[in-house]
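Heavy atoms only: backbone and side chains are in, while hydrogens, waters and symmetry mates are out.
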Protein chains: 2
Amino acid sequence: MATKPGTTMNTIHRFLSSELAGEIEFLTARTRSLGSARANKLLEPLDLKVRSYSVLSLACSGQAPTQRELAEFLSLDPSQIVPLVDQLEGRGLVERTADPNDRRSKVITGTRSGEQLYSKARKATAEGEAVAMAKLSKVEQETLRDLLSRIAFRD
Amino acid sequence: MATKPGTTMNTIHRFLSSELAGEIEFLTARTRSLGSARANKLLEPLDLKVRSYSVLSLACSGQAPTQRELAEFLSLDPSQIVPLVDQLEGRGLVERTADPNDRRSKVITGTRSGEQLYSKARKATAEGEAVAMAKLSKVEQETLRDLLSRIAFRD
DNA sequence: CTTAAACTCTTGATAAAGTCAACGATTAAG
DNA sequence: CTTAATCGTTGACTTTATCAAGAGTTTAAG
């Protein structure tokens, strides 16, 4: 009776000392997997997923992103942006506008109702973030935000 | 001529002040996207991907994980572990052993050559991590590791 | 001005990853 | 012994990722 089945907590604990558990790559992968699952649940009542939420957020940011810029900032292929914007546009949440300066590009902007939905969605993701970081102090949370953004945007 | 095309650096800079860029959820998603792309390139010469590398790493950890435990720790479905282990086993890098205490479970352990390959792979991922965190001081790197592991394993 | 090259969005094909239900073998509970 | 639960596995299915090519637009060169 050396190795008992092991509950969730037990299993995790056994591998905490493994080399893998110390790798940033693994830690971010696991964090984002858990976080995105939680965020998707919270966004479900609004008929949004993390992806569509991210697009909506940038569309409502006042920065007037083009689809190309959305793809780059979200680490997606430009062809993946198309159906995301299609869906949001079909719901009247965002608008495609030809960029006057370069009619190849299409600027994505949030509509009135898009901004209203984003406002609700933002509260949902903020709640998810609060749950995720509950174990950290406010100072630690800001430290984490700062360190992560420095490696997410290095260049 | 207000909005010029915008290079990569330019685009990112424009959205740094957006609400989205301040969300942990987004920062971890972007970090892991960039990190896993870089890690996959570095692991390619060894015919490994981040996924198979993670399984190999735990198989060589001395913790004798079952497939169920691998799935849970790696945030994967148990059915996704099967082809990963199949592949590693086919290359003679790991072994499936029936757990004597519970013959339903199969313990995955690294072979001699599995450990040799893991040793090389570990150096590759360590190099990738060094590149990713180049902008942080040693102290900051350890702080990030600590904060991330606390939210990746809260419970 | 004209032509060629480069860029943006879009489509479509294909591969990879994620989700879920069900099955045989095994173990645990009653 | 019977029933329920667990583990690995398979298969079907959906979603996401990757890539090439095309139509329209802009830029640069000649």
Self-check item: Contact under 4.0 Å: A:Gln80 side-chain N or O vs D:dA17 OP1/OP2
Solution: yes
Self-check item: Minimum-distance nucleotide to B:Arg103 side chain [options: C:dT26, C:dC9, D:dT26]
Solution: C:dT26
Quiz item: To the nearest Å, how far apart are A:Asp102 CG and C:dA6 P?
Solution: 16 Å
Exercise. Starting at atom CG of B:Asn101, determine the distance to atom P of D:dC7, rounded to an integer number of angstrom.
Key: 14 Å
Practice problem: May I ask you to test the A:Val55-A:Leu74 pair for a side-chain heavy-atom distance under 4.5 Å? | Solution: yes
Quiz item: Between B:Leu42 and B:Thr125, is any pair of side-chain heavy atoms under 4.5 Å apart?
Solution: no
Quiz item: Is the distance from OP1 or OP2 of D:dT9 to the nearest side-chain N or O of B:Arg96 less than 4.0 Å?
Solution: yes
Practice problem: Give the rounded distance in Å between these two atoms: CD of A:Glu69 and P of C:dC7. | Solution: 15 Å
Exercise. Rounded off to whole Å, could you give me the CD-to-C1' distance for the B:Gln87 and D:dT9 pair?
Key: 17 Å
Self-check item: Criterion side chain to side chain contact (heavy atoms under 4.5 Å, CB included) against B:Pro65, the qualifying member of B:Glu69, B:Gln67, B:Arg68
Solution: B:Glu69
Exercise. Identify whether any heavy atom of A:Arg68 sits under 4.0 Å from a base atom; if not, whether one sits that close to sugar-phosphate; answer base, sugar-phosphate or nothing.
Key: base
Quiz item: Between D:dT15 atom P and A:Asp86 atom CG, what is the distance in whole Å?
Solution: 16 Å
Self-check item: Rounded distance (Å) that lies between atom P of C:dT11 and atom CD of A:Gln67
Solution: 10 Å
Quiz prompt | B:Ile81 CD1 - C:dG18 P separation (whole Å) | solution = 10 Å
Quiz prompt | No-H, no-angle donor-acceptor pair, A:Arg104 side chain to C:dC9 base, under 3.5 Å | solution = no
Quiz item: Just to confirm, is there a sub-4.0 Å distance from OP1 or OP2 of C:dA16 to any side-chain nitrogen or oxygen of B:Lys49?
Solution: no
Quiz item: Less than 3.5 Å between a donor and an acceptor, one on the side chain of B:Ser79 and one on the base of C:dC20, is that the case here?
Solution: yes
Quiz item: Taking 4.0 angstrom as the limit, do B:Glu142 and B:Arg145 come out as a salt bridge?
Solution: yes
Quiz prompt | Heavy-atom donor-acceptor pair, A:Ser105 side-chain to C:dC9 base, under 3.5 Å | solution = no
Quiz prompt | 5' priority, DNA chain D, between A:Pro100 and A:Leu76 [closest heavy atom] | solution = A:Leu76
Self-check item: Whole-Å gap separating P (D:dG8) and CD (B:Glu95)
Solution: 17 Å
Quiz item: DNA chain D: A:Asp77 or B:Val85, which has the more 5' nearest nucleotide?
Solution: B:Val85
Quiz item: Using a cut-off of less than 4.0 Å, is there contact between a side-chain N or O of A:Arg51 and OP1 or OP2 of D:dA17?
Solution: yes
Quiz prompt | Lys/Arg-Asp/Glu bridge criterion (N-O < 4.0 Å) met for A:Arg91, A:Asp86 | solution = no
